[in-house]
> 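Quick one: structure below, then a few questions.
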Amino acid sequence: MKYQTMINILMLLLSKRKLTAREIARRYDISTRSVYRYVDELNVCGVPVDVARGRYGGITIPDTFRLPTGYFTREEYASAINALSAMASQVSDGSVISALEKLQRQQKNEKRELSVCGNFIVDGGTWGGSKKFSEKMRVCETAVNEKKSISIDYISRGGEHSKRVIEPHVLIYKQNVWYVYAFCHTKQTFRTFKIGRIKSAAFTGENFKRREFTRDDIDLNFYYSAENLTDVTLEINKNSLAEAEEWLGIDNIEPSGQAFVARLTLPDDDGLVNKILSYGGAVKVLEPRELKEKVIAAAKKIADGN
């Protein structure tokens with residue numbers, strides 16, 4: 001009975017995404033203390049159930065969380081829905097109708113791996129087949145389209161961990177990375193959040209009114225000021241041209257003898273050095289000298305095993 005109740009609470013949260021402890025307790029005729037105990041046990045099992053207080057509080061499960069795909073195959077979803085639909089048409093049973101609605105909602109979410117916007121199709125998935133990023137994209141896209149505020153668990157570039165309520169207004173795609181431009185309740189201004197740094201996201205249940213902004217209001221340099229950028233000239237081996245074009249952009253690369261040269265402005269940080277090293281000598285730094293010395297020092301450190 002104990003584990004059945006815990007599973008029922010999990011399925012209810014997957015359907016509603018946010019409830020109060022009192023609502024759950026009343027539904028299953030248990031105490032609120034028991035509800036919190038079940039929540040603790042779900043967390044131990046790896047289910048990210050969160051308890052929050054305040055205006056947007058309650059017991060929530062991130063909209064990015066899904067049961068493993070092996071829980072039901074698509075064929076099993078279809079068979080179960082057909083069977084429950086037939087039963088629901090013959091008997092007036094609230095539990096049957098509730099189960100049918102849950103399966104239909106879950107099936108709809110499982111199918112939605114691609115975003116279609118006008119003439120663009122966006123696959124938010126990764127090559128490894130993980131759906132975690134796709135789910136975060138789905139939540140952000142829905143929030144933008146339907147003007148829904150979301151609560152996010154965010155980790156900044158500096159490793160700072162914070163929970164915020166944001167109002168997503170537009171999605172941004174730059175250099176193979178997805179961002180969401182949103183009004184942040186914590187900072188009371190617009191901020192750009194890297195979707196890959198959102199650990200979890202859940203709808204608050206609140207809708208927002210779009211705030212006025214223009215294209216010029218969005219700083220596409222994001223985390224970099226002019227002081228953090230450097231003019232770079234790179235020589236690229238023709239065998240690595242395709243990969244370099246995806247990284248630097250075709251417009252920034254020109255043929256030069258037996259090789260190719262790229263001239264552009266890039267963030268001057270360790271990430272740039274690591275990116276150049278990842279080409280294993282197929283990308284060489286011509287300018288500036290300071291960057292070339294950084295690459296040499298990093299390569300020597302690797303060779304020395306330090």
> Do the ring centers of Phe213 and Tyr181 come within less than 6.0 Å of each other?
yes

> If you take all heavy atoms of Asn8 and Tyr28, which pair is closest and at what distance?
O-OH, 3.1 Å

> Given Arg138 and Thr142, is the side-chain contact (heavy atoms from CB on, under 4.5 Å) satisfied, shown in steps?
CA-CA 6 Å; Arg138 182 190 64 80; Thr142 300; 4.3 Å; yes

> Could you tell me whether the side chain of Lys18 and the main chain of Ile59 form a donor-acceptor pair under 3.5 Å?
no

> Can you name the nearest heavy-atom pair linking Ile236 to Ala259, along with the distance?
O-CB, 3.4 Å

> Walk me through whether Ile166 and Ile152 qualify under side-chain contact (heavy atoms from CB on, under 4.5 Å).
CA-CA 7 Å; Ile166 63 173; Ile152 63 171; 3.9 Å; yes

> Would you kindly confirm whether Tyr36 and Val47 end up in one hydrophobic cluster when ILVMFWY residues are joined by side chain heavy atoms under 4.5 Å apart?
yes

> Grab the two heavy atoms, one from Cys140 and one from Pro168, that are nearest each other, plus how far apart they are.
O-CB, 4.4 Å

> Go through the steps for Met6 and Leu42 under the test side-chain contact (heavy atoms from CB on, under 4.5 Å), then give the verdict.
CA-CA 8 Å; Met6 187 168 70; Leu42 285 170; 3.7 Å; yes

> Under a 3.5 Å threshold, yes or no: a donor from one side chain and an acceptor from the other, between Thr204 and Ser149?
yes

> Using the salt bridge (charged side-chain N to carboxylate O under 4.0 Å, His left out) rule, collect all pairs that involve residues 158-168, keeping only residues at least two apart or in two chains.
Asp50-Lys163, Glu167-Arg211

> Suppose we screen for salt bridge (Lys or Arg N to Asp or Glu O under 4.0 Å). Which residues come up paired with Arg215, at least two apart in sequence or across chains?
none

> Linking I/L/V/M/F/W/Y whenever any side-chain heavy atoms sit under 4.5 Å apart, do Trp247 and Ile250 land together?
no

> Output yes when a side-chain donor or acceptor of Ser240 lies under 3.5 Å from a complementary backbone atom of Glu243, and no otherwise.
no

> Between Glu290 and Lys294, does at least one N-O distance fall below 4.0 Å, as a salt bridge requires?
no

> Could you tell me which non-hydrogen atom of Val144 sits nearest to which non-hydrogen atom of His169, and how far apart they are?
CG1-O, 3.4 Å

> Is Asn207 reaching over with its side chain to a backbone N or O of Lys148, donor-acceptor style, under 3.5 angstrom?
no

> Between Leu12 and Leu19, is a side-chain contact (heavy atoms from CB on, under 4.5 Å) present by the stated rule, with each step listed?
CA-CA 9 Å; Leu12 182 62; Leu19 292 163; 3.4 Å; yes

> Minimum heavy-atom separation for Val180 to Ile195, with atom names?
N-CG1, 4.1 Å

> Do His161 and Tyr154 have their ring centres less than 6.0 Å from each other?
no

> For His185 and Phe208, I'd like to know if the aromatic rings sit close, meaning centre-to-centre distance below 6.0 Å.
no

> Looking only at the side chains, is there a donor atom on one of Asp217 and Thr214 sitting less than 3.5 Å from an acceptor on the other?
yes

> Can you tell me how far CD1 of Ile150 sits from CD of Glu206, rounded to the nearest 0.5 angstrom?
14.0 Å

> Is Leu286 linked to Leu241 within one hydrophobic cluster, defined over Ile, Leu, Val, Met, Phe, Trp and Tyr using a side-chain heavy-atom separation of less than 4.5 Å?
no

> Out of curiosity, Thr5 OG1 to Leu10 CG, how far, rounded to the nearest 0.5 Å?
12.5 Å

> What residue pairs, at least two apart or across chains, pass ring-ring contact (aromatic ring centres under 6.0 Å, His included) with a residue in residues 251-270?
none

> Do Leu277 and Val283 belong together in a cluster built from hydrophobic side chains that touch within less than 4.5 Å?
yes

> Kindly give the heavy-atom pair with the smallest separation between Pro288 and Thr230, and that separation in Å.
CG-OG1, 3.7 Å

> Are Cys184 and Val165 side-chain neighbours, meaning at least one heavy-atom pair lies under 4.5 Å?
no

> Checking Asp29 side chain against Ala25 main chain: does a donor-acceptor pair fall under 3.5 Å?
no

> Is the Phe193-Trp178 ring centre distance short of 6.0 angstrom?
no

